[in-house]
Amino acid sequence: MLLKRRLAMTVAAAVAVVGTAVVDAPVARAGDSHDPYAAASETRTVRYGPWTLPAATGDTHDEMGTTGNRLTLNIEKPCEQCMVTAIKPNLVYGDGSNANINTGPMLHHAVIGQLGEPDLVCRLGGLGPKRVFSSGNERTPVTLPAGYGMRIDRGDRWSMVYDLMNHAHQEKTVYISLEYTYVTGPAAWRLTPVTPMWLDVVGCLDPTFDVPAGDTTRTARWTSTVNGRIVYLKGHLHHGGRTITTTNLTTGQRVCEVTVVSGGSPEYIDHHGNKEISSAPPCVGAPIATIRRGDVLEVAARYVADHPHDDVMGIVTGWIAER
């Protein structure tokens, strides 16, 4: 089933609220550190699911078992009146062990959006959702630079769009697991707030495109509507992807280049020996770059494919401290 067809079914596929907190423990205590933020930090893992993935019917990508794109409303947040400083995504079995393509399951993508809030890049009438966090099967962990945090207020409502796949020829039951680190109390409001930003090489409503065999680069541009400091950027590509680069065309600065690695550990090699993207090292800094209103940012996704691929992506997500 093509992703474009799945995207068209997303709203109709709304499912029940899911989300169970399985860990809730402080990561630091007063006196453990001289860092004023660490003393108030906590970490909490929230599992979303469970979901049962159908068995693969063959060995090609189109024959994998899949949930298709599904929308879950009002998912659990890790905290309220707090500042999130780190997020670690994973896909796990019920016993907490990693679920990855070596045993079948694949986190094709999961996107958290905040309803009722406009997105920085894709305004869509100003109604949102603001895209807060996303991950593919590369599962890049996010840690913001010290002194920065993403604010969560009591009235914020989160939703999740997810698509899970299965390489195995047996059903698999899995959870999406997100480990959040956050700051509460007076220390939270000493952090500099950051705004999520999402840049991709296609557009707002359908981020997919097709690539032919060979070496292909697709680009897109966004004119900044804000002044600010970019403090974190990470990239998402599909099989055959090599690099995704963000450049400020106005200043000529190469802001970030993410080079992906495939099959970097056994968990990212399926039972046929096929390798999937195992890491996509992010760019982090305080700041990485400073941008001004009117600056033009270009995103360029490079694919080197041995055969044509349908419905691939080229996405950069991150956070900017607006001024």
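Computed from a predicted model, the values in this text were never measured in an experiment.
Contacts of Tyr232 classified as ring pair (Phe, Tyr, Trp, His ring centres under 6.0 Å), with partners at least two apart in sequence or in another chain: Trp319. Partners of Arg302 under the salt bridge (charged side-chain N to carboxylate O under 4.0 Å, His left out) rule, at least two apart in sequence or in another chain, are Asp215.
Between the Tyr48 side chain and the Glu76 main chain, a donor and an acceptor come within less than 3.5 Å of each other. No donor-acceptor pair under 3.5 Å is formed between the side chain of Asn100 and the backbone N or O of Asn102. A donor-acceptor pair under 3.5 Å is absent between the side-chain atoms of Thr208 and the main chain of Met313, judged by distance alone. With hydrogens and angles disregarded, a donor-acceptor distance shorter than 3.5 Å links the side chain of Ser278 to the backbone of Gly264. At least one donor-acceptor pair under 3.5 Å links the side chain of Asp119 to the backbone N or O of Arg131. With Gln81 contributing its side chain and Arg154 its backbone, the two residues share a donor-acceptor pair below 3.5 Å. Side-chain N or O atoms of Asp200 include none that pairs as donor or acceptor with a backbone N or O of Ile315 at under 3.5 Å. Between the side chain of Thr251 and the backbone N or O of Gln253 there is at least one donor-acceptor pair closer than 3.5 Å. Using modelled atom types, no side-chain atom of Glu117 and backbone atom of Leu115 make a donor-acceptor pair closer than 3.5 Å. Distance alone, capped at 3.5 Å, places no donor-acceptor pair between the Ser279 side chain and the Pro281 backbone.
Taking each heavy atom of Leu120 and Pro196 in turn, the nearest pair found is CB-O, 3.7 Å. Of all heavy-atom pairs between Tyr182 and Tyr180, the closest is CD2-O, 4.0 Å. Across all their heavy atoms, Val260 and Gly241 have their closest contact at CG2-O, 3.2 Å. Gly235 and Ala280 make their closest contact through O-CB, 3.8 Å (heavy atoms, listed as atom of the first residue, atom of the second, distance). Minimum heavy-atom separation, Gly314 to Leu237: CA-CD2, 3.9 Å. Contact record, Val132 with Met150: CG1-CE, 3.4 Å, taken as the closest heavy-atom pair.
Judged by the 6.0 Å distance and 45° axis criteria, Arg70 is not positioned over the aromatic ring of Tyr162. The cationic group of Arg218 does not satisfy the cation-pi geometry with Tyr303, failing either the under 6.0 Å distance to the six-membered ring centre or the 45° limit from the ring axis.
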Please list every donor-acceptor pair under 3.5 Å in which a side-chain atom of residues 86-97 meets a protein atom from a residue at least two apart or in another chain.
from, atom 1, to, atom 2, distance (Å)
Asn90, OD1, Arg139, NH1, 2.7
Asn90, ND2, Asn98, OD1, 2.6
Tyr93, OH, Thr103, OG1, 2.7
Asp95, OD1, Ser97, N, 3.0
Asp95, OD1, Ser97, OG, 2.7

Let me check something: any side-chain donor-acceptor pairs from residues 283-301 under 3.5 Å, sequence neighbours excluded? List them with distances.
from, atom 1, to, atom 2, distance (Å)
Arg293, NE, Thr225, O, 3.0
Asp295, OD2, Asn248, ND2, 3.1
Asp295, OD2, Arg292, N, 3.0
Glu298, OE2, Arg221, NE, 3.1
Glu298, OE2, Arg221, NH2, 3.4

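For residues 231-258, every residue pair satisfying the salt bridge (Lys or Arg N to Asp or Glu O under 4.0 Å) rule, not counting sequence neighbours, is listed here: Arg254-Glu257. Among residues at least two apart or in separate chains, there is no salt bridge (Lys or Arg N to Asp or Glu O under 4.0 Å) pair with a member in residues 266-285.
Taking the six-membered ring for Trp and the full ring otherwise, the centers of His109 and His238 sit at least 6.0 Å from each other. Between His239 and His309, the ring centre distance stays below 6.0 Å. Remark: aromatic rings of His167 and His169 are distant, center separation not under 6.0 Å.
Here the CG-CG distance, from Asn137 to Leu107, works out to 5.5 Å after rounding to the nearest 0.5 Å. We find the CG-CG distance between Leu164 and Leu53 to be 5.5 Å, quoted to the nearest 0.5 Å. Taking SG from Cys82 and CD from Glu80, the interatomic distance works out to 8.0 Å, rounded to the nearest 0.5 Å. Between the SG atom in Cys122 and the CE atom in Met197 there is a gap of 11.5 Å [rounded to 0.5 Å].
At a cut-off of 3.5 Å, with distance as the only test, a side-chain donor of Asp59 or His272 sits close to an acceptor on the other residue.
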Practice task
Run the numbers on Ile277 and Tyr268 for side chain to side chain contact (heavy atoms under 4.5 Å, CB included), then give the verdict.
Solution key: CA-CA 7 Å; Ile277 293 174; Tyr268 290 89; over 6 Å; no
Exercise for the section: Could you check Lys77 against Asp156 for side chain to side chain contact (heavy atoms under 4.5 Å, CB included), going step by step and ending with a plain yes or no? Expected result: CA-CA 9 Å; Lys77 300 173 298 187; Asp156 293 348; 4.1 Å; yes
